[in-house]
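Only one structure is covered here, and it is reproduced in the block below.
Counting starts at 1 for both ligands and their atoms, in listed order. Please read these numbers as outputs of a predicted model, since none were measured by experiment.
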Amino acid sequence: MQNIYFTPGPAALYPTFEKHIKSFIDRQLGSISHRSQQYRDLHRFTVEQLRTLLSIPTTHQVLFLGSASEAWERILLNCVEHESFHLVNGSFSRKFYDYAQALHKFAHIYEKPMGEGFDAAEIEVPAYAELICTTHNETSAGVQMKPADIHKLKNRHPDKLIAVDMVSSAPYPALDFGLVDTAFFSVQKAFGLPAGLGVWIVNEACLAKAERLRQYDSLTIGAHHDLPTLWKNAEKNETPATPNVMSIYLLGKIAEDLNRIGIETIRKETEQKAAILYNTLKNSSVFDPFVTETRHQSQTVVVANTRKDSSVVISNLKGKGMMVGSGYGPYKGKQIRIANFPATSFEQIDTLARALNEV
Ligand SMILES: *Cc1c(COP(=O)(O)O)cnc(C)c1O
């Protein structure tokens, strides 16, 4: 029996994955030179599909990294001389902050408990912070930050750079890249691919900053793939080192599939499927939505408090061929996490909702 994966990353593979990996093999793309025109065409195709899907303007470059967490380090090294500012409400946003400290940046933090979200109005950005680090979807807690609130922060602080971790939500959030300097995701979440590729979207303001910082003797922007080097290669549709051609190819194909459906439809369906899950939790005697403020409830990773131990719930669902994630950190035994990515159909969500009612 095939399991249905509702785990928030690695997640269910996109239904067309098998077809695309077969064409990758049939076309022998694993053996082509990454300095060939054939590779450059493949690379350009993926970038173009992502530009269409996410409305990425030409002011921004699309770069390929090993993972999303690599983007944390690249952004901090290349875009911060002294001070960064972090909105932290769970394990992933905290790691971004931890990276800043490990890189000896002066990292400011505005922290809230897991399950709570951020609105622009309450946020005071420290005067000397050069970079505002936000997490659109905090995967550990199932909390989202509305794009409008992220945009407001940039509007209030046009002189600062703003970064958006959209790892467990892209392509769902409708970010306005006129108001977002840099954003990033990895492919094993909502794009329904195996792990092994990070995508870094970054603008000219970030590049200019990196070029300035590169001249300082007292600072390093890194040896491995600094932003100016990545950017220069991307202009030729290449990468500095031998890239994950398979994943870049597959991402382009899945993005093309999503573009055929249309991003508006994908966003609307994501919200409709999330509504089914949240309604199920609200009407359940075993489960509750962890996040109580509706506007902060993630549309892509639904977290439920469970009155029965989560290990019992998880194995009950597993017996029916459905895999859900456990709670994170202190909530491990008390919560389950359910991914609601484009790979998951309405039918699968309905099947899970019925099973949750029977737990
Ligand atoms: C999964 C995740 C990451 C880390 O992604 P990797 O691909 O494992 O590096 C970062 N941020 C968020 C919000 C995530 O969900």
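Proximity of Phe184 to ligand 1, defined as any heavy-atom pair under 4.0 Å, is not found for any part of the residue. The proximity of Lys189 to ligand 1, defined as any non-hydrogen pair under 4.0 Å, is limited to the side chain.
Taking the six-membered ring where the residue is Trp, the centroids of Phe64 and His43 are separated by under 6.0 Å. In this structure, the ring of Phe106 has its center no less than 6.0 angstrom from the ring center of Tyr128. No close placement of the Tyr110 and His108 rings is indicated, their centers lying 6.0 Å or farther apart.
Relative to the ring axis of Phe92, Lys189 places its NZ or CZ within 45° and under 6.0 Å from the centre.
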- Could you check Arg44 against Asp41 for salt bridge (charged side-chain N to carboxylate O under 4.0 Å, His left out), going step by step and ending with a plain yes or no? CA-CA 5 Å; Arg44 176 159 22 83; Asp41 291 345; 3.0 Å; yes
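Between Trp72 and Phe184, the two ring planes are perpendicular [angle over 60°; tilted spans 30° to 60°]. Ring geometry for Phe24 versus Tyr249: interplanar angle of 30 to 60°, hence tilted.
Looking at Ser69 next to ligand 1, an N or O pair under 3.5 Å apart turns up. Below 3.5 Å of separation, one finds no N or O of Glu70 facing any N or O of ligand 1.
Atoms of ligand 1 found under 4.0 Å from any heavy atom of Ser168, numbered from 1 in the order shown, are 15 (O). The contact set between ligand 1 and Ser186, taken as ligand atoms under 4.0 Å from a residue heavy atom, comprises 5 (O), 6 (P), 7 (O). Within the listing of ligand 1, atoms 12 (C), 13 (C), 14 (C), 15 (O) sit less than 4.0 angstrom from a heavy atom of Thr139. Taking every heavy atom of Gln188 and a limit of under 4.0 angstrom, the matching atoms of ligand 1 come to 6 (P), 7 (O), 8 (O). Taking every non-hydrogen atom of Asn137 and a distance limit under 4.0 Å, the qualifying atoms of ligand 1 come out as 13 (C). Less than 4.0 angstrom separates some heavy atom of Ser67 from each of these atoms of ligand 1: 7 (O), 9 (O). Residue contact check: Trp72 has heavy atoms under 4.0 Å from atoms 10 (C), 11 (N) of ligand 1.
Inspection of the Glu347 and Ser345 side chains reveals no N or O donor paired with an N or O acceptor under 3.5 Å.
Considering Thr300, Val199, Asp165 only, the shortest heavy-atom separation from atom 11 (N) of ligand 1 involves Asp165.
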